[in-house]
Participant: 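Starting off with a structure, shown below.
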Amino acid sequence: MPQSKDAALLRDRPDLAPLIEAAVAARSRAYAPYSGFPVGAALRTRDGRIYVGVNVENASFPVTICAERSALVAAVSLGDREFDEIVVVTDAAGPAAPCGLCRQMLAEFGLDLGVTAVGMEGPAWRLPLRDLLPVAFTAGSFEPRPTAFAPKA
Ligand code: THU
């Protein structure tokens, strides 16, 4: 658990504590030899399952996947698509915001997702994804469209 000033957030949202713990544990398994910046994420389904993800870097740098997208891919791969919270933990002193690519990918599954960023020393913050990605491009942005382009359930 980060010894942090996130006590206030945790007081308000004790339900996030297991997610922070899971993200911290996952972060130790990050594969980040190039950046030296391990990241852990924990994504919670509406019915309470927790999926973790880490950043997995690659010698071809852009191939790297972030922790948030790793967690999302794991969850969807196992059949979950409904999420209510994600917590991201880094080694940075302050909380680090999810990158734009991750915001976009998370948005596919709902803009009401609560996003919490936790640094090792700094205060944590929590914002709804819709505030982190205003005027998002989503499936609804296609309308009207040919049926052929409708996402399959
Ligand atoms: N990274 C994440 O895993 N999540 C983020 O939201 C920001 C960045 C990773 C990607 C890369 O492996 C390292 O952090 C440095 O950018």
Side-chain angles (χ1 to χ4, degrees), residues 1-10 12-46 48-141 151:
M1 179 77 83
Q3 352 105 5
S4 61
K5 301 173 195 150
D6 61 21
L9 179 85
L10 277 178
D12 289 350
R13 297 296 306 251
D15 62 299
L16 297 180
L19 289 176
I20 296 174
E21 209 171 302
V24 168
R27 191 196 44 179
S28 66
R29 298 187 294 273
Y31 178 72
Y34 304 105
S35 71
F37 189 69
V39 183
L43 177 64
R44 188 175 71 194
T45 65
R46 288 194 189 285
R49 268 188 291 277
I50 296 175
Y51 290 93
V52 297
V54 299
N55 51 334
V56 181
E57 297 185 346
N58 191 273
S60 176
F61 298 166
V63 175
T64 293
I65 185 167
C66 294
E68 298 90 320
R69 280 177 290 136
S70 294
L72 182 63
V73 166
V76 174
S77 299
L78 287 174
D80 276 307
R81 294 181 183 177
E82 295 186 358
F83 311 108
D84 65 357
E85 296 288 335
I86 188 167
V87 168
V88 187
V89 176
T90 72
D91 277 341
C99 81
L101 214 62
C102 289
R103 295 178 200 199
Q104 178 65 29
M105 196 164 166
L106 290 166
E108 183 72 17
F109 297 93
L111 291 164
D112 291 330
L113 183 73
V115 180
T116 298
V118 181
M120 292 310 281
E121 294 167 16
W125 52 252
R126 178 180 176 280
L127 286 169
L129 182 57
R130 72 173 65 256
D131 289 0
L132 290 173
L133 192 64
V135 202
F137 183 84
T138 62
S141 310

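Order of appearance sets the numbers: ligands from 1, and atoms from 1 within every ligand.
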Participant: How far does CG of Asp112 sit from CG of Leu129, to the nearest 0.5 angstrom?
Facilitator: 9.0 Å
Participant: Go through the steps to decide whether Leu16 and Arg126 satisfy the test side-chain contact (heavy atoms from CB on, under 4.5 Å), and finish with yes or no.
Facilitator: CA-CA 10 Å; Leu16 297 180; Arg126 178 180 176 280; 4.0 Å; yes
Participant: How would you list all residue pairs meeting salt bridge (Lys or Arg N to Asp or Glu O under 4.0 Å) that involve residues 90-105, not counting sequence neighbours?
Facilitator: Arg27-Asp91
Participant: Show every donor-acceptor pair shorter than 3.5 Å between a side-chain atom in residues 59-68 and any protein atom, with sequence neighbours excluded, or say none if there are none.
Facilitator:
from, atom 1, to, atom 2, distance (Å)
Thr64, OG1, Asn58, N, 3.3
Thr64, OG1, Phe61, O, 2.9

Participant: Salt bridge between Asp15 and Arg44, side-chain N to carboxylate O under 4.0 Å?
Facilitator: yes
Participant: I need the full list of salt bridge (Lys or Arg N to Asp or Glu O under 4.0 Å) pairs touching residues 70-79, with sequence neighbours left out, sorted by first then second residue.
Facilitator: none
Participant: Any protein N or O within less than 3.5 Å of an N or O in ligand 1? List each pair with its distance, or say none.
Facilitator:
from, atom 1, to, atom 2, distance (Å)
ligand 1, 3 (O), Ala67, N, 2.9
ligand 1, 4 (N), Glu68, OE1, 2.8
ligand 1, 4 (N), Glu68, OE2, 3.4
ligand 1, 6 (O), Glu68, OE1, 3.4
ligand 1, 6 (O), Glu68, OE2, 2.5
ligand 1, 6 (O), Cys99, N, 3.2
ligand 1, 12 (O), Asn55, ND2, 2.9
ligand 1, 12 (O), Glu57, OE2, 2.4

